[in-house]
Student: 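Sharing a structure here in structure tokens format.
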Amino acid sequence: MTNPPNEVVLDHVSKSFGTTTVLRELDLHLRAGELVAVLGPSGCGKTTALRILAGFERPTSGRVLVDGRDITDLPANKRDIGMVFQAYSLFPHLSVAANVEYGLRIRGTGAAERSRRGQELLEMCGLGALSSRYPHELSGGQQQRVALARALAVQPKVLLLDEPLSALDAIVRRQIRDEIRRLQQQLGITTMFVTHDQEEAMSIADRVAVVNHGSIEQIAAPREIYHRPRTQFVASFVGTISEIGVSPSCGSGRLEVHHPGPGRDTLYVRPEDLRLQPEATGTHVVVAHTFIGERTLVRASGDEDRPDIVSSVSTAEAGSVLVGTRVTPYLAAEPALRIASTSSTPDVMAV
Amino acid sequence: MTIAPSSPPDLQDPAATGGATSSRASVRAALRSPAMITSAPLLLVITLFFLVPIVGMAIVAFTVEGPDGTDGFGLDHFTGLSSRSRAIVNSLLVSFVGSTIAAVVGALAAFCIAQLRHRWLDSVVAVFSSVLANDGGAPLAFAFIVTLGNTGFVFEALGLGAIGFSLYSWQGLVVMYQYFLIPTMIMVTLPTFVGLRREWSEANTALGGGRLTYWLRVGLPIARPALLSGWVLLFGAAFATYASAAVLIGSGAFPLIPLTIASELRSGASSAGEGAAMALGLTMVFVAIIVLLVFNRLQRRAARWIR
Amino acid sequence: MTGARRWRLGWWLPILAVALYVTVPVISSIAYAFFPGGELSFEVLSRLTQDPDLGPAITRTLLITALTIVTLIAVLVPAVVAVHLWAPRLRSVLEVLCTLPLVVPPIAVAAGTVALLRWGAQQGRGSLPSRISQFLQHPELPLILVGTYVVLCLPFTFRSVDAGLRTIALKELVEGSASLGSSTVGTIWRVVIPCIRGPVLFSVFFATAVCFGEFAIAATLNRETVPVWLFTVSSTDFRASIALAVLLNLTTWALLLIASFAASRYEVLHRRTPDDPALSASTPAPVSAQEGSTPR
């Protein structure tokens, strides 16, 4: 029942609404069968990119290609795209089964085939028992499952998910996230997953595209985004990171931490790359512990001239850096990102 | 017929805490509660000026004079209504035609207003439709007499006499009733059309449907309960209208139920006429309650769909 | 994009048609009353003021209006606040009771009232029911109309006050204020009353509009209020009755407009999402009142 996977390309896509430019020459390439999470703060243009791909918005310039074919001028209802919205997209007057079969009904599929396919998808999404219910009788998580089944029922070329989990509570969110990933891999369907939640993006995607101000800052595998962010924005948007200014000569080892500023290199250091050594003459004082299972995040605060830093230690060893301990930071590995002193001064303090 | 909003159980409400065994005691406690005491004047006004008159009306309607001159229970006043069947038929006809036309026109207007998605238009329409929906008094009839009466401005300008139109007929009533029925329909259905979610139309598009498919399979079916409930409400409103019809038609020429009630009451205290008036009045109350029940049922479904 | 533009024009057409239908009768009446023979003239107005019966009718109507407003606010507001605070279950009972007059035709209420008053009158001269009946129907100040008009106002005004109280977390306010050492009465006076100023204003104007326009009950009981006088005078001086009808109609509209704005204006203060594109934010109380005959 799977289509051969399709490659999707947004080629130099720009979009303006009046005088506001939402997308600037955005290039996005989804390889056949892969799940790309498009991650960014609200208002960065990620949803607009998805809507252009779906055909709900026309790009001001640029092209949209699916499997090599230019579909920029193709109306949305001819694009064969499966779409899952944030919430409340199910037709309220139709039963779950009728919702799932809606696309097939429009395509004129026969009744027997329709209900067979509908049932098959409901089973696949774990909804077999709910087929005669109505949307208002379902929980938020069940509604999103039905929405997913409905989108997949027509065997779309591409699956688009627009913040599909943001209206759900934490536990359900994780369940549905895993389910989406399972189905996507099972069907091998090319998928674009738009979200503002970095943890969600990192845990579900083959690759993550980080978008800011209407263009892509970096697109790479989650691991690489985390460990080798290419820009300051990516570094500080994804995961916990300490932003510190050091003298350009500073390499690994003991760190003389300052605020970023002119004449200094800016380092972006992940907690696990930063070690805190208890020392009576240390520059920082431990102010807080955050327990996250096997590891514990330790926040240390400096004086006026030194920014806060965050380190991660194994929980077993957290006792050596109790709150109030004076510590000296050491760089235990290459920083995730180093911006040499010639670069412009960052004006935001992001930790 | 009405459900309380999802307010949390109130610990200070004795009725809520009292179990089944102490229900009598809790009722007594409830009657002495500050809420009951503070509400008493309102309940008294409703009872004296609304409930008691209606009960009184029912008593008169069901009271018949027996052969021995004493009063007893009987349905004579209701069976006697067959002699006034013209009024009943007229009322039903005018209400049905009037509410149907207004439902179609009002829904169409509400639909168009929702499509335009104009902020100020929405507010202007909301205010004006609620103002006009409350119209229907004597001044309205006078306005129509100078507009569409036999020497009315529009009547003469369009030569309506030539096509046999007369304001003082059921057609005239239907035309005049539109004045408050259409705004009522807009008022009731506009929230539904505005509440149709963009996600529904986009989901339809993504699944391969066009605009027509959307309206036939999604938009109109979702709006249907609201449209039907609006229509029922209009029927009830048209059925109950008295003042403007009284000015336009007066008594006699084209009897309607409310006009008949009024003329029977006016004709003095002859008990036959009064009994018939009360029976008609009770019939109107009955129709009104059915209208309210159907309206509520449909609206509840609409509310469940449009959140 | 001309296609899209033509579509937009298409959407406007039915709206404009309805708007035209609504305005033409008003313009016709104004033309008829104040432009006899094509010339602007307020001569009808002087004819109106010379009528010996109009003055008393206006006084009577204003008196009834004032009493109706006072009674309405005095019985309605405490009751709604009390059930919100202490008895949510009683609230739904009140809701049903206050909604019923919306659907029961005024002429039916009039019929019932007549039945009752006649019954009272038949109980013999000087008896208590007879005296009450006469007192309530007094030709100069028919108190029966005040009571009935209060009932007629209830469906919309109850809704408005109820909705106003629902937008504020009344219970929490009172409890919070009590924890700060304020008495319940003090809290209601300082916190709750300001919050329902909009609905109360709405109720005042709405009640005024009802009292100025009500015809069915006053006519049936044969008590000469302005609308009833209007009907009487139409047989002798039609132009004068049209002039008065226009004035009355415009006054009623103005009152209802003010009522709507009063309700929506204060609603703005309590609006939760300032940029809600939906209609709800700008919908004045009458609309919610109408929907109100529906449970939610």
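So you know, we letter chains A, B, ... as the sequences are listed, proteins then strands, and number each from 1.
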Student: How about residues 212-219 of chain C versus chain B: which residues have heavy atoms under 4.5 Å apart?
Tutor: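 C:Phe215, C:Ala216, C:Ala219, listed by number.
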Student: Once rounded to the nearest 0.5 Å, what's the spacing between atom OG of C:Ser28 and atom CZ of B:Phe155?
Tutor: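 Nearest 0.5 Å value for the OG-CZ distance: 13.5 Å.
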Student: About how many Å separate OH of C:Tyr32 and CZ of B:Phe142, when rounded to the nearest 0.5 Å?
Tutor: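 The distance works out to 11.0 Å.
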Student: Side chain to side chain contact (heavy atoms under 4.5 Å, CB included) between B:Val146 and C:Arg239: does it pass, once the steps are laid out?
Tutor: CA-CA 10 Å; B:Val146 290; C:Arg239 201 178 296 278; over 6 Å; no
Student: Applying side chain to side chain contact (heavy atoms under 4.5 Å, CB included), run through B:Val60 and C:Trp119 and close with a yes or a no.
Tutor: CA-CA 10 Å; B:Val60 177; C:Trp119 174 85; over 6 Å; no
Student: Just do the side chain to side chain contact (heavy atoms under 4.5 Å, CB included) check on B:Phe128 and C:Val18 with the steps written out, would you?
Tutor: CA-CA 12 Å; B:Phe128 271 90; C:Val18 171; over 6 Å; no
Student: If you take all heavy atoms of B:Gln178 and C:Tyr21, which pair is closest and at what distance?
Tutor: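 Closest heavy-atom pair between B:Gln178 and C:Tyr21: CB-OH, 3.2 Å.
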Student: Strictly distance-based, threshold 3.5 Å: is any side-chain N or O of B:Tyr179 a donor or acceptor partner for the main-chain N or O of C:Val22?
Tutor: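 Yes: the side chain of B:Tyr179 pairs with the backbone of C:Val22.
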Student: For the pair B:Leu43 and C:Leu94, evaluate side chain to side chain contact (heavy atoms under 4.5 Å, CB included) and give the outcome as yes or no after the intermediate values.
Tutor: CA-CA 8 Å; B:Leu43 296 174; C:Leu94 272 193; 3.6 Å; yes
Student: Test of understanding: with ring-ring contact (aromatic ring centres under 6.0 Å, His included), list the residues that count as partners of C:Tyr149, not counting sequence neighbours.
Tutor: none
Student: In terms of heavy-atom pairs under 4.5 Å, which option from C:Ile242, C:Ile107, C:Thr220 contacts chain B the most?
Tutor: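 The candidate making the most pairs under 4.5 Å is C:Ile107.
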Student: Applying side chain to side chain contact (heavy atoms under 4.5 Å, CB included), name anything that partners B:Val45, two or more places apart in sequence or on another chain.
Tutor: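 Once residues adjacent in sequence are excluded, the partners of B:Val45 under the side chain to side chain contact (heavy atoms under 4.5 Å, CB included) criterion are B:Phe49, C:Val75, C:Val150, C:Val151.
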Student: Strictly by side chain to side chain donor-acceptor pair (under 3.5 Å), give each pair with a member in residues 37-46 of chain B just once, sequence neighbours left out.
Tutor: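 Of all non-adjacent pairs touching residues 37-46 of chain B, none passes side chain to side chain donor-acceptor pair (under 3.5 Å).
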Student: Do you know which of C:Ala108, C:Ser29, C:Ala245, C:Pro25 has the most heavy-atom pairs under 4.5 Å to chain B?
Tutor: C:Pro25
Student: Name the member of C:Ala82, C:Ala74, C:Ala110, C:Ala209 that forms the most heavy-atom pairs with chain B at distances under 4.5 Å.
Tutor: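 The answer is C:Ala82.
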Student: For the atom pair CG (B:Leu51) and CG (C:Leu100), what is the distance rounded to the nearest 0.5 Å?
Tutor: 7.5 Å
Student: Can you give me the closest heavy-atom contact between C:Ala115 and B:Met278, atom names plus distance?
Tutor: CB-CE, 3.4 Å
Student: Tell me, for C:Val104 versus chain B, whether the close heavy atoms (under 4.5 Å) come from the side chain, the backbone, both or neither.
Tutor: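 For C:Val104, heavy atoms of backbone and side chain both lie under 4.5 Å from chain B.
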Student: For the interface with chain C, which of B:Phe144, B:Phe50, B:Phe286 has the highest count of heavy-atom pairs at distances below 4.5 Å?
Tutor: B:Phe50
Student: Based on non-hydrogen pairs under 4.5 Å, which of B:Ile54, B:Val105, B:Ile182, B:Val52 is most in contact with chain C?
Tutor: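 Max contact count across the listed options: B:Val52.
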Student: With a 4.5 angstrom heavy-atom cut-off, is it the side chain or the backbone of B:Leu282 that approaches chain C, or both, or neither?
Tutor: neither
Student: Once rounded to the nearest 0.5 Å, what's the spacing between atom CG of C:Leu72 and atom CG of B:Leu42?
Tutor: 9.0 Å
Student: Using side-chain heavy atoms (C-beta onward) and a distance below 4.5 Å, is C:Pro105 in contact with B:Phe239?
Tutor: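 They are not in contact (no side-chain heavy atoms under 4.5 Å apart), so the answer is no.
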Student: Please determine, among B:Ala138, B:Ala240, B:Pro139, the option with the most heavy-atom pairs under 4.5 Å with chain C.
Tutor: B:Pro139
Student: Do C:Ile27 and B:Phe153 have side chains that approach each other closer than 4.5 Å (heavy atoms only, starting at C-beta)?
Tutor: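 SC-SC contact between C:Ile27 and B:Phe153 ruled out.
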Student: Side chains of C:Ser234 and B:Val247: does their closest heavy-atom pair fall under 4.5 Å?
Tutor: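 No, side chains not in contact.
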Student: Report yes if the distance between the aromatic ring centroids of C:Trp11 and B:Phe111 is under 6.0 Å, otherwise no.
Tutor: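 Centroid distance C:Trp11-B:Phe111: below 6.0 Å, so yes.
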Student: Can you tell me which portion of B:Leu121 sits under 4.5 Å from chain C's heavy atoms? Options are side chain, backbone, both or neither.
Tutor: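 The side chain, not the backbone.
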Student: Does any backbone or side-chain atom of C:Leu154 lie under 4.5 Å from a heavy atom of chain B? Answer side chain, backbone, both or neither.
Tutor: side chain
Student: Could you tell me which of C:Ala31, C:Pro227, C:Ser241, C:Ala111 has the largest number of non-hydrogen atom pairs under 4.5 Å with chain B?
Tutor: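 If we count pairs closer than 4.5 Å to chain B, C:Ala111 comes out on top.
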Student: Let me confirm one number: the OG1-CG distance from C:Thr113 to B:Leu265, rounded to the nearest 0.5 Å.
Tutor: 10.0 Å
Student: Shorter than 4.5 Å, heavy atoms on both sides: which option in B:Val285, B:Val175, B:Leu116 has the most such pairs with chain C?
Tutor: B:Leu116
